[in-house]
Amino acid sequence: MADISIFYGSVYGNAQQLADDAKQQLVEAGHKAEVFEQPSIADFQQAEQLLFISSTTGQGDIPPNLEGFILELESRFPLLNGKGFAVVGLGDSSYGDTYCGAGRKIFSLMEELRGEALAPLFKVDACETLEPQEEVLPWLKQVFG
Ligand SMILES: Cc1cc2nc3c(=O)[nH]c(=O)nc-3n(C[C@H](O)[C@H](O)[C@H](O)COP(=O)(O)O)c2cc1C
């Protein structure tokens with residue numbers, strides 16, 4: 001059983017819904033899980049394992065509800081020291097170079113903070129998938145059990 005803190009970034013609600021669905025599945029599987037909308041550094045430091053689910057907005061940008069937190073992590077740099085993390089990036093490949101830019105930024109930052117990636121960045125392309133749940137929930141099962 002794991003204790004998983006879920007941090008999401010969402011503009012139109014897809015990633016937010018996904019975070020709620022992920023929590024439900026994880027709890028049903030016997031894990032502890034909590035969803036944070038406006039996380040603090042303390043929430044981050046107290047996390048046992050971390051799951052980020054973030055869409056990309058603007059030109060490869062992190063959604064406003066998560067942006068300040070990510071900037072704070074970049075400036076305060078609280079090390080993860082081997083804690084496990086996973087990142088789901090929601091995006092749209094028609095945006096070209098900025099495809100899943102937020103997910104990629106978050107994944108790199110977690111690596112820089114010395115987290116241990118439990119899996120490679122999982123990208124969901126809105127061009128191809130209308131129901132991100134159908135891809136992400138089975139993937140989460142593989143990553144966290
Ligand atoms: C204004 C706007 C800008 C976007 N910019 C990007 C982008 O730069 N890269 C990308 O991969 N997706 C981009 N997207 C696609 C969203 O990330 C994608 O639709 C996602 O599923 C939205 O999730 P959300 O409802 O949680 O915000 C953009 C969407 C909008 C509406």
Side-chain angles (χ1 to χ4, degrees), residues 2-29 31-78 80 83-145:
D3 186 345
I4 301 144
S5 297
I6 304 171
F7 305 101
Y8 74 83
S10 186
V11 178
Y12 298 102
N14 288 303
Q16 181 175 13
Q17 182 62 51
L18 204 48
D20 290 338
D21 293 347
K23 175 186 167 170
Q24 191 184 335
Q25 174 173 294
L26 290 165
V27 168
E28 281 170 9
H31 300 297
K32 270 183 76 180
E34 189 173 351
V35 176
F36 296 89
E37 181 181 2
Q38 299 263 318
S40 66
I41 296 284
D43 296 327
F44 183 81
Q45 287 176 317
Q46 281 156 20
E48 210 171 88
Q49 293 193 313
L50 304 96
L51 171 61
F52 281 86
I53 301 178
S54 182
S55 69
T56 294
T57 190
Q59 292 294 320
D61 300 325
I62 292 168
N65 79 293
L66 200 61
E67 197 185 17
F69 172 65
I70 296 296
L71 288 171
E72 211 181 337
L73 287 179
E74 284 171 341
S75 66
R76 291 182 51 186
F77 227 68
L80 285 170
K83 278 187 194 173
F85 74 88
V87 183
V88 176
L90 266 56
D92 184 324
S93 58
S94 68
Y95 282 86
D97 283 354
T98 67
Y99 176 50
C100 283
R104 286 188 279 122
K105 275 185 200 164
I106 294 167
F107 192 94
S108 302
L109 178 59
M110 292 309 115
E111 285 188 319
E112 286 167 28
L113 292 174
R114 304 208 194 120
E116 188 197 318
L118 300 171
L121 170 64
F122 191 80
K123 296 181 196 152
V124 183
D125 186 354
C127 263
E128 297 194 343
T129 314
L130 289 174
E131 287 290 334
Q133 278 75 356
E134 285 176 11
E135 292 182 13
V136 174
L137 295 179
W139 175 81
L140 276 178
K141 193 105 205 133
Q142 278 181 20
V143 175
F144 292 101

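Just follow the structure's listing: the first ligand is 1, and inside any ligand the first atom is 1.
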Q) Are there more than 12 heavy atoms of other residues, nucleotides or ligands under 6.0 Å from atom CZ of F77? A) yes

Q.
Quick check for you: to the nearest 0.5 Å, what is the distance between K105 atom NZ and D61 atom CG?
A. 5.0 Å

Q | Sorted by chain and number, the residues that approach ligand 1 to under 4.0 Å with a heavy atom | A | S10, V11, Y12, G13, N14, A15, S55, T56, T57, G58, Q59, G60, L90, G91, D92, Y95, T98, Y99, C100

Q) What distance separates L113 CG from R76 CZ, expressed to the nearest 0.5 Å? A) 12.0 Å

Q.
So if I apply the side-chain contact (heavy atoms from CB on, under 4.5 Å) rule between F85 and each of L50, L109, I4, which one comes out positive?
A. L50

Q: May I ask you to check whether F107 and F52 place their ring centers less than 6.0 Å from one another?
A: no

Q: Name all pairs fulfilling the side chain to side chain donor-acceptor pair (under 3.5 Å) condition that reach into residues 123-139, sequence neighbours left out, sorted by first residue then second.
A: D21-Q133, S93-D125, T129-E135

